[in-house]
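Everything on this sheet refers to the single structure shown next.
As the structure is a prediction and not an experimental result, all values here were calculated from the model.
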Amino acid sequence: TALLAQEDMAATPLASAMDLAARAGARGEAALLAVAILNDERFASSPDLFARAIDALDAVGLRRHALAILTERVVERAM
């Protein structure tokens, strides 16, 4: 659990910036930060960060893309 806590702590500034960008409607910045989180192996095992990234994409009008990423992750984990 300590390792997971360290991973989440490292992502906190990135995730916080993503959340702020999404709330401000900064579509490009929020999407860029969300993709950075989703593609970083250090954060791949964090369901919280995954959910926040998907939510940020949805919040800035990228629902179709968010659902595609979510579907891909579900299928990937099912195999």
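If you take OG1 on T71 and CD on E76, they are separated by 12.0 Å, rounding to the nearest 0.5 Å. Separating the CG atom in L32 from the CE atom in M18 is a distance of 11.5 Å, to the nearest 0.5 Å. To the nearest 0.5 angstrom, L70 atom CG is 5.0 Å from F50 atom CZ. Note that CZ of R77 is 11.0 Å distant from CD of E72, once rounded to the nearest 0.5 Å.
Using a cutoff of 4.0 Å between basic side-chain nitrogens and carboxylate oxygens, D48 and R52 are scored as salt-bridged.
Using a 4.5 Å heavy-atom cutoff, the side chains of D58 and H65 are not in contact. Side-chain contact between L57 and L38 is present, with heavy atoms from C-beta onward closer than 4.5 Å. In this structure, the side chains of F43 and L14 come closer than 4.5 Å at one or more pairs of heavy atoms.
A single hydrophobic cluster is seen to contain both I69 and V60, as judged by linkage of ILVMFWY side chains at heavy-atom distances under 4.5 Å, directly or through other members. The hydrophobic cluster containing L49 does not contain I54, counting ILVMFWY residues as joined when their side-chain heavy atoms lie under 4.5 angstrom apart, directly or transitively.
Atom CZ of R73 is surrounded by more than 12 heavy atoms from other residues, nucleotides or ligands within 6.0 Å.
Pairing each heavy atom of G61 with each of R27, the nearest pair is O-NH2, 4.0 Å. Contact between I37 and A53 at its shortest, heavy atoms only, is CG2-CB, 4.4 Å. In terms of heavy-atom proximity, A22 sits nearest to A59 at CB-CB, 4.3 Å.
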